[in-house]
Amino acid sequence: MATRKTHTEFQAPGTEDGQQGSSSEPSGYEVPDEDGSMEMEAVESETEAFLSGVDSQIMAVKSELEKLLGSLSDEADGAQSQAAMDANITGVGIGLGDGESVSGSPGDPVLEVYTLEPESGGELRARLASVAGVSALADSDFPIKAVHTGVIDAQPHRMRLRPAPGGISCGHFAITAGTLGCLVRGRSAPRINRLMVLSNNHVLANTNGGPLGASILQPGPFDGGNNPADRIAILERFVPINFAAGAANVVDCATGWAWPDRVRKELMYIAGGVIRFFRVGSVPVAAFPGMQVGKTGRTTQLTRGGVTAVGVTVNVNYGGGRIARFVNQIAVRTPGGNFSAGGDSGSLIWTWDARRAPVALLFAGGGGTTFGNPIASVLARLDVRLVT
Amino acid sequence: MATSLPPGSTDFLDTDPLPVTRPAAGQGGAAADRLPQAVVDKLMGMAGVDGVWIERDASGQRVVVLHYSPKGATAHLPRTVEGLPTRIVGGEPIRAL
């Protein structure tokens, strides 16, 4: 087995002259989230100021229900317990009343209680008064609002995670969200010392938008990623997509130069509600019809499918009237389901076997078929090799 | 949206990846699974057709797949291409995900 190298061999973004990263980037490894931490503190301060103006009785009931939620989560162990079903609550917070469905004036703070099953505020108040034993809830004027959420599923592929693995939400600061595929490094100096995230051009480079040095966030902006607090990399290179009539594209790919301590080479998936990590192989293989493949991505998470075709020609819609033709692509389908959905772009597709050999970079789909760029073409065009 | 694991065991994810050996002959995207470029260009020039490729049907026979975005009638699309039967899929545009 090859020697596993630590991230200390890699150079952090903005550590050499001529790099087109943020001009405020310090040399050497960046102090983690210095600017972002200040923004976070400001936001937290505003929240505290709001909560300090909420009626103390509302806050007291909120605290009691939080204790109840804590005991329910201890009991549930992954499944909904009978106690949780009886309580019919999944969460609690402070919202603002509308002056109609909840007592008080419009804009007055109210206790928002999130429920498993639909229920009126009055019913919820009466039941919680007995289940939780909170006397204040016996008052029919207590400002409580029931918000039906159903079971609240964790969305781990969309959350902020450090170091960030493959398969998780990421994206250029001006897009919605895509998927971090895996890690790569350059084939030659100076890029050989750069640890980079691999994904699509339309995920990391805002579809030819760039510019080089632009912030790449994890999670992507649609999933709550903020710039610069959630920056894990800066746009390093992308292969432009040619939208001209008659042009034939082969890849939709880009690299982001990552801070080595903010990323990890493993890919993630969820099993039993727990985040698990796995590695893929470092040697790509060519797809062939019938090959069983998998991917883990921001939206549909871990999925399995079969390569149905190679040598595929497709016209891909990028929005705004932009359509690009791609040739020599691979097609993947999952019988009875979808191999991918919006937000999975950038996922690495690998063989569904013990090799987990990289096959393609997922980038498009429609009509139940997912399309990927052959990974060998991606690596060649970006002049990178896999870091697995 | 998938919220559960795919069917079958995922135990193979728990171990180090096994090394890759060269693929068996005929597994590398054979020329028989590709249409001549001129044929592809002609098919892609048909209104609504935004994808063309060759697949194998359940019996292993090659079929030409036409990805046709509109939901409407497809009677105007060819039944055969280069002597191979066609199959129409799609019903929505192919989009960057």
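The figures that follow rest on heavy atoms only: side chains count, while hydrogens, waters and symmetry mates do not. Order of the sequence lines sets the chain letters (A, B, ...), proteins ahead of strands, with each chain counted from 1.
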**Item:** Derivation of the side-chain contact (heavy atoms from CB on, under 4.5 Å) call for A/Val312 and B/His67
**Value:** CA-CA 11 Å; A/Val312 172; B/His67 193 285; over 6 Å; no
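- Between the side chain of B/Glu55 and the main chain of A/Ala309, no donor-acceptor pair closer than 3.5 Å is present.
- Neither the backbone nor the side chain of A/Asn200 comes within contact range of chain B; no heavy atom of the residue lies under 4.5 Å from a heavy atom of that chain.
- Closest approach of B/Leu5 and A/Tyr269 over heavy atoms only: CD2-CD1, 3.8 Å.
- Between the CD1 atom of A/Ile323 and the CZ atom of B/Arg95 there is a distance of 9.5 Å, given to the nearest 0.5 Å.
- Looking at B/Thr10, the atoms closer than 4.5 Å to chain A (heavy atoms on both sides) sit in the backbone and in the side chain alike.
- Annotation for B/Trp53 and A/Val314: closest pair CZ3-CG1, 4.0 Å, computed over non-hydrogen atoms.
- A 4.5 Å side-chain heavy-atom check between A/Arg325 and B/Asp41 finds at least one atom pair inside the cut-off.
- For chain B, the nearby parts of A/Thr308 are the backbone and the side chain; heavy atoms of each come within less than 4.5 Å.
- Heavy atoms closer than 4.5 Å to chain A are found nowhere in B/Val65, neither backbone nor side chain.
- The number of heavy atoms from other shown groups lying within 6.0 Å of CZ (A/Phe243) is above 12.
- The environment of A/Arg381 atom CZ is sparse: at most 12 non-hydrogen atoms of other residues, nucleotides or ligands sit within 6.0 angstrom.
- One finds the CG atom of B/Asp50 at 9.0 Å from the CG atom of A/Asn317 (value rounded to the nearest 0.5 Å).
- Look at B/Asp14 and A/Arg276 and you find a salt bridge, because one of the NZ, NE, NH1 or NH2 atoms lies within 4.0 Å of a carboxylate O, short of that distance.
- One finds the OG1 atom of A/Thr370 at 10.5 Å from the CD1 atom of B/Ile94 (value rounded to the nearest 0.5 Å).
- Taking each heavy atom of B/Ser9 and A/Trp352 in turn, the nearest pair found is O-CZ2, 4.2 Å.
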**Request:** Go through A/Arg356 and B/Thr15 one step at a time and tell me if the side-chain contact (heavy atoms from CB on, under 4.5 Å) criterion holds.
**Result:** CA-CA 10 Å; A/Arg356 302 192 294 279; B/Thr15 58; 4.3 Å; yes
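- Within the 4.5 Å cutoff, the side chain of B/Pro17 has no heavy atoms near those of the A/Val280 side chain.
- Contacts between B/Leu13 and chain A at a heavy-atom distance below 4.5 Å involve backbone atoms as well as side-chain atoms.
- Both the backbone and the side chain of A/Ala271 have a heavy atom closer than 4.5 Å to some heavy atom of chain B.
- When all heavy atoms are compared, the tightest approach of A/Ser345 to B/Leu97 is OG-C, 2.7 Å.
- The part of A/Arg333 that comes within reach of chain B is its side chain, from C-beta onward, which places non-hydrogen atoms under 4.5 angstrom from that chain.
- With a 4.5 angstrom heavy-atom cutoff, A/Ile330 does not touch chain B via any of its atoms.
- Closest non-hydrogen pair, B/Glu92 versus A/Gly368, comes out as OE2-N, 4.3 Å.
- Closest approach of A/Asn315 to B/Val49, counting heavy atoms only: ND2-O, 4.3 Å.
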